[in-house]
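Lettering follows sequence order; numbering is per chain, from 1. Note that the structure is predicted; figures quoted are calculated from it, not measured.
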2 protein chains.
Amino acid sequence: MGLSRRGFLHRLGAVGGYGATYSAMLAMGLLAAPPALAMPQLPAALGTGRRVVVLGGGISGLTAAYELERAGFAVTLLEARERLGGRNWTLRGGSKIEMIGEADQTVAFSDGVYMNAGPARIPSHHEHLLEYCRRLGVPLEVEINTTRSALLASSKGGAPIQMRQAVNDTRGWISELLAKALKRGALDQDLSAEEKEKLLPFLRSYGDLDAQHAFKGTERSGLLRHGGAADQLAQARPPVPLKELLANDQLSATLFEEAFDMQATMFQPVGGMDRIPAAFERAIRSPIVRGAEVVKIRQSPNDVTVVYRERASGAEKAVRADFAIATLPLNILAKIDSDFDPAVRKALATPIAVSTNKIGFEAPRFWERQQIYGGISFVGGETSLVWYPSNDLHSARGLLLACYAAGPPATRFAQRPIAEQIEIAKGVVARLHPGHETALSNPAVINWSKIPFSLGGYAWWGAPEGHIEAPAHRLLNAPQGRVYFAGDNLTQFPAWQEGAVLSAHRVVGLIADRVRQRAAA
Amino acid sequence: MGLSRRGFLHRLGAVGGYGATYSAMLAMGLLAAPPALAMPQLPAALGTGRRVVVLGGGISGLTAAYELERAGFAVTLLEARERLGGRNWTLRGGSKIEMIGEADQTVAFSDGVYMNAGPARIPSHHEHLLEYCRRLGVPLEVEINTTRSALLASSKGGAPIQMRQAVNDTRGWISELLAKALKRGALDQDLSAEEKEKLLPFLRSYGDLDAQHAFKGTERSGLLRHGGAADQLAQARPPVPLKELLANDQLSATLFEEAFDMQATMFQPVGGMDRIPAAFERAIRSPIVRGAEVVKIRQSPNDVTVVYRERASGAEKAVRADFAIATLPLNILAKIDSDFDPAVRKALATPIAVSTNKIGFEAPRFWERQQIYGGISFVGGETSLVWYPSNDLHSARGLLLACYAAGPPATRFAQRPIAEQIEIAKGVVARLHPGHETALSNPAVINWSKIPFSLGGYAWWGAPEGHIEAPAHRLLNAPQGRVYFAGDNLTQFPAWQEGAVLSAHRVVGLIADRVRQRAAA
């Protein structure tokens, strides 16, 4: 259940006769069709006289509040924390990290250095979120998700391999092997004469093979010596032997950049991911109650009452509304005093709250002196990766994310003392960038399983297909009386902000339909 | 001689026993060594009392002038045009394009829209150029050289294929075929049992194969339907059949991003490539004479005299100096009245001045509505590609480069009337983005072969190895009396600004050595 899993969640169903299907779709023009951008377009007075209470000021709650307010609903948003954004949280100098069972951390980053503790990238096809960035004026910049200068360090040890070597030497060896098999006639039964005739020359280009279809190394994998002025000829590296490539348990991380959700071009807001909740906050005029911890949910035939504890005073207060949208994490909702049907309460407790951890350090940008600008080095194990900053390239200092892991290894890791987590993360940097670990300063450790009001990174329903098949998932996507559940964890985009937006759009649409039907009745 | 050639210029020499070599280098720590950054570090008073005349204010001339001035030389820079930068040229609204034999064009781009007529990207390992950007304060941003949403349109016709399909469906089919060959034992003689055992499961991950090692399509290649809220499951596309992939003559352009000079991460100056010459101009205090067309070069035992024609007045003036650095294009230098040795004059006329063309249009960013943010679509033929802007993403309007081609097809294309070139480029956009060609406005056409004082895009010495082997290349890299030739065309980086910088550094170093030797004698 590593990070690369998310891009592969939704497996292609059995597709029979895909050649024929492809041609048919080509003829129908379907293959070139961009995905539809379907933003809510509700009449401005639709909600007049209707009250909605939104539980939770993460991206889903903010989206719902924004859209309902525009449609004339009287909205109240309750947020337990003093800040909005939920897991969309950007740490800067002075930020305080409270974790259950740990001493508080006060972040000591220099000016301009920040760490996205939660989401940190936006794929170019997460266009509903991008559309809010456009409409609300959130400047975006490129998030460099992949760079050929990053490294793959097998969790079993050995010298790290540069991404450009792993990608291009692997392709070289595979091309050589396939060319051999083709020339031996081993695939004659699988290919037409025409395919075979075209495939062999293509493999030369694909793997950068020589005229005899042998792989002798490629400039694509980098240089031992760079070319220069006059007669200083570039000299390619000898290839990494196939055996060494296959022995590196991070080799499959060369495919990370091909996961649909991880493909170039990707974005990040300039200045930190929390520029998105900040923009929603500027746009929303409805009351937002901070420090409001939801403690009770009750429904009557005519309304829904949400009781919250004012954390500052300890006083309990109630909000009555026609509808509630509950965007709190499901594991948090499961523990709140409610009059939901027992099946619903059981459903809320069904998914696993997945542990996710991030550890960031401030440092001078030593990695850029090795031509690593953005991108990710993969190391496996409990820390999984080292992620280089895409912001303010070529500046003096930056944020090096030396751990971002999810699932069981992350659960184990979070059980270690914070100081030990920091030392392990430093050790990974030492392995990738020997000697530079001493330049790391101002660590910030996030174990999402210990963060109050989150208690986990995202929800996991079981097998990938479980997201759609789980009865609990279906049940929670249906209105429960006057309460609608929303959030990334009830979509096919768990842990993505686009999921939070789409889920909010869906429940806003369901509420709008209900109001329309009442009006028509 | 297409664009992808440049990255493949320097072929790996014969490497015997590369497995052993690799292990040895690993042990020596050589494989992790970053390339050396070697900027000139001359004593500040080295050149006191020495005069240098620099011919040409492109990147090479500017670099040489800047470094020599810092070392105390009295520098005069002669530039035939009214602007500095040479082929580093950024077009904006109001820019005038003069081409021999064509009516002048006045560029009509809106504010904020620009076109880099010459170089337009900086690889992360062109670190000497990047170092000047740092030192001279040129803000950089990511140049998105590849994006999975771009298109490959075979020059032979047919529907364009998205880059993500071409990359991932090709890999899927290749993985399936190789898995079949492995299982049939066709490669038993080539692989150890251990390699074979590890390769098969790796191929499943590599090609996203099913449990039987069959390729049935992959989400990596994109979606027919995006996932969404609740039960809206994503649906992968059926794969493009191998036969269709191989029939697309642009399939090899999937490897473009792997050319060493084209790999992520790449950069561009914020606001246009000409921010680099503008920064040199701010930094240089020595006299820069514009509108100064060099017409004569004469040497004596004691000095060199360069005569230039003041283009505004027609008057001829002379500059005497101890040394000259001639950075003009070699084909231009070959025609200037000089007293060079006949072998030198012949050498100057040896390389071919390669035609390069660029055609840009201003347009609303319709491509971004198809999730194309930066990157390149490949079309082959006389126009080669469509290149989407990396600057000001998500803004209203941008510059679409609808032709960038080099070599013989570009020579033929430049012979067409300008209006016809524009129509052909529009037709390519129509093919990739049907209906949007009508949104293209304010065309700007650059045929470098017709641009005065350039008369070509870059120099081509013959076969790739010719760059190093050509006697003419060697001869021109040696000092000719008091004259030193410099420029990208005398390096292993033709057409790259890094080459211009390195060549300038080299001749600056040669002159410094000569001055030191005289002083010591």
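By the side chain to side chain donor-acceptor pair (under 3.5 Å) test, Ser149(B) is found to be paired with Arg164(B), residues two or more places apart in sequence or in another chain being considered. In terms of the side chain to side chain donor-acceptor pair (under 3.5 Å) criterion, Asp392(A) has no residue partners (sequence neighbours excluded).
Taking the charged nitrogens against the carboxylate oxygens, Glu258(A) and Arg148(B) do have a contact shorter than 4.0 Å, which makes a salt bridge. Ion pairing between a basic and an acidic side chain is recognised when a charged N comes within 4.0 Å of a carboxylate O; Arg220(A) and Asp261(B) show no such pairing.
If you measure heavy-atom distances from Leu490(B) to chain A, the contacts under 4.5 Å come from the backbone alone. Using a 4.5 Å cut-off between heavy atoms, Leu251(A) contacts chain B through both its backbone and its side chain. Only the side chain of Glu131(B) comes within contact range of chain A, with heavy atoms under 4.5 Å apart. Proximity to chain B (any heavy atom under 4.5 Å) is shown, for Ile372(A), by neither the backbone nor the side chain. Contact annotation for Tyr206(A): both backbone and side-chain heavy atoms come within less than 4.5 Å of a heavy atom of chain B. Neither the backbone nor the side chain of Leu182(B) comes within contact range of chain A; no heavy atoms are under 4.5 Å apart. Contact of Ala478(A) with chain B is not made at all, since no heavy-atom distance falls under 4.5 Å. For Tyr373(B), the parts lying near chain A are the backbone and the side chain together; criterion is any non-hydrogen pair under 4.5 Å.
Taking each heavy atom of Leu177(A) and Leu187(B) in turn, the nearest pair found is O-CD2, 3.5 Å.
The six-membered or imidazole ring of Phe260(A) lies near that of His226(B), with a centre-to-centre distance under 6.0 Å.
Considering only heavy-atom pairs separated by less than 4.5 Å from chain A, the leading option among Ile174(B), Leu242(B), Leu502(B) is Ile174(B).
More than 12 non-hydrogen atoms from other residues, nucleotides or ligands lie less than 6.0 angstrom from NZ of Lys198(B).
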